[in-house]
Amino acid sequence: MKKQLLVFGLMITAVLVTISCQKKNDSDAIAPTYGSTGNPYPNNQTVTGSTSFTNPATQNSSIDVGNSVGWTNPTCLTTGSITLRAFKGSTEVVLTFAQPALTNTYSIGTPQGTVSCGIQINNAPNQPAGISWLGKSGNVIVQVSASNITAVLNNVVCTQSNFNFPTVLATGFVACGSQQ
């Protein structure tokens with residue numbers, strides 16, 4: 001009886017191995033057919049919308065804030081400001097602190113805290129219009145006096161929120177003077 005069960009078991013195993021080793025039909029196989037996007041739904045990348053999967057910016061650039069003719073720094077109401085702005089044409093640079101700026105060295109990044117700050121550059125030169133660039137690294141040296149605030153940008157690297165490349169390198173300064 002044991003011999004019969006063993007032979008029967010071997011026959012079942014042989015049949016299962018034969019079935020499982022049969023060549024599969026390639027048309028039934030799972031394979032990516034998503035083209036260059038890597039997305040099965042290229043016209044609807046997210047559940048909630050239709051964000052473009054292509055980056056309109058294609059190359060790195062730099063911006064020298066405040067160091068040339070044409071830059072405007074609005075006055076700040078007090079030297080306890082949490083936002084500094086600089087404008088030149090359609091380019092806007094906004095430096096934001098979590099609390100009133102103090103004389104200190106701040107790192108660029110989020111979340112903003114006592115020793116970090118955020119920067120946003122809108123319409124950076126040599127980049128497509130309408131793009132906002134957010135600070136990812138670098139630092140800002142802030143000097144606060146009784147009548148003004150000056151923030152020197154040290155190798156501040158900015159990227160788009162959805163793309164890590166290309167980058168915009170920001171140097172220079174943003175400042176404001178209080179109304180006395």
Side-chain angles (χ1 to χ4, degrees), residues 37-39 44-180:
T37 67
N39 187 331
N44 189 16
Q45 288 81 17
T46 63
V47 174
T48 59
S50 59
T51 304
S52 173
F53 64 89
T54 57
N55 188 344
T58 58
Q59 60 187 1
N60 295 338
S61 65
S62 62
I63 181 172
D64 191 16
V65 181
N67 285 327
S68 62
V69 176
W71 281 100
T72 303
N73 292 292
T75 58
C76 40
L77 297 176
T78 69
T79 55
S81 293
I82 60 170
T83 302
L84 302 176
R85 294 180 186 273
F87 300 93
K88 182 178 183 180
S90 65
T91 301
E92 176 187 35
V93 177
V94 181
L95 193 60
T96 308
F97 301 89
Q99 57 193 28
L102 302 172
T103 299
N104 201 350
T105 299
Y106 294 84
S107 63
I108 293 293
T110 52
Q112 297 168 15
T114 57
V115 291
S116 65
C117 62
I119 187 168
Q120 180 174 338
I121 301 172
N122 298 316
N123 297 315
N126 302 316
Q127 294 294 347
I131 297 177
S132 291
W133 300 84
L134 306 174
K136 295 294 181 189
S137 65
N139 64 48
V140 177
I141 301 168
V142 176
Q143 190 68 38
V144 178
S145 72
S147 61
N148 63 40
I149 304 170
T150 303
V152 177
L153 308 175
N154 256 342
N155 297 318
V156 174
V157 176
C158 300
T159 62
Q160 297 169 68
S161 61
N162 294 331
F163 302 102
N164 288 327
F165 298 101
T167 62
V168 172
L169 175 66
T171 56
F173 71 93
V174 180
C176 74
S178 65
Q179 299 171 344
Q180 301 257 343

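Looking at every heavy atom in both residues, W133 comes nearest to P166 through CZ3-O, 3.3 Å. Contact detail for G130 and N123: the closest heavy-atom pair is N-OD1, 2.5 Å. T159 and N164 make their closest contact through CG2-O, 3.3 Å (heavy atoms, listed as atom of the first residue, atom of the second, distance). Heavy atoms only, all atoms of each residue included: P56 and P128 are closest at O-CG, 3.3 Å. Between V142 and F97, the shortest heavy-atom distance links the atoms CG2-CZ, 3.8 Å.
The main-chain N or O of S132 is never found under 3.5 Å from a side-chain atom of N122 such that the two would form a donor-acceptor pair. At distances below 3.5 Å, not a single donor-acceptor pair connects side-chain atoms of T150 with backbone N or O atoms of Q143. Of the possible polar contacts, one joining the N55 side chain to the A57 backbone as a donor-acceptor pair under 3.5 Å is found.
For the atom pair OG (S137) and CD1 (I108), the distance works out to 8.5 Å, reported to the nearest 0.5 Å. Atom CG of L169 sits about 5.5 Å away from atom CG of N155, to the nearest 0.5 Å. Going from atom CD1 of I149 over to atom CZ of F173 covers 14.0 Å, rounded to the nearest 0.5 Å.
Among the candidates L153, V140, T96, the single residue satisfying the side chain to side chain contact (heavy atoms under 4.5 Å, CB included) test with I119 is L153.
Considering only heavy atoms from C-beta on, T91 comes within 4.5 Å of W71 through its side chain. L95 places none of its side-chain heavy atoms less than 4.5 Å from the side chain of T83. Side-chain contact between L134 and C158 is absent, with no heavy-atom pair separated by less than 4.5 Å. Counting heavy atoms from C-beta on, the side chains of N104 and V115 come closer than 4.5 Å.
In this structure, the side-chain hydrogen bond (donor to acceptor under 3.5 Å, both in side chains) partners of N139, at least two apart in sequence or on a different chain, are N154.
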Name each donor-acceptor pair under 3.5 Å that joins a side chain in residues 58-66 to protein atoms two or more places apart or in another chain, with its distance.
from	atom 1	to	atom 2	distance (Å)
N60	OD1	T167	N	2.7
N60	OD1	T167	OG1	3.3
S61	OG	Q127	NE2	2.9
D64	OD1	N67	ND2	2.8

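Applying the salt bridge (charged side-chain N to carboxylate O under 4.0 Å, His left out) test to pairs two or more places apart or on separate chains, those with a residue in residues 88-109 are R85-E92.
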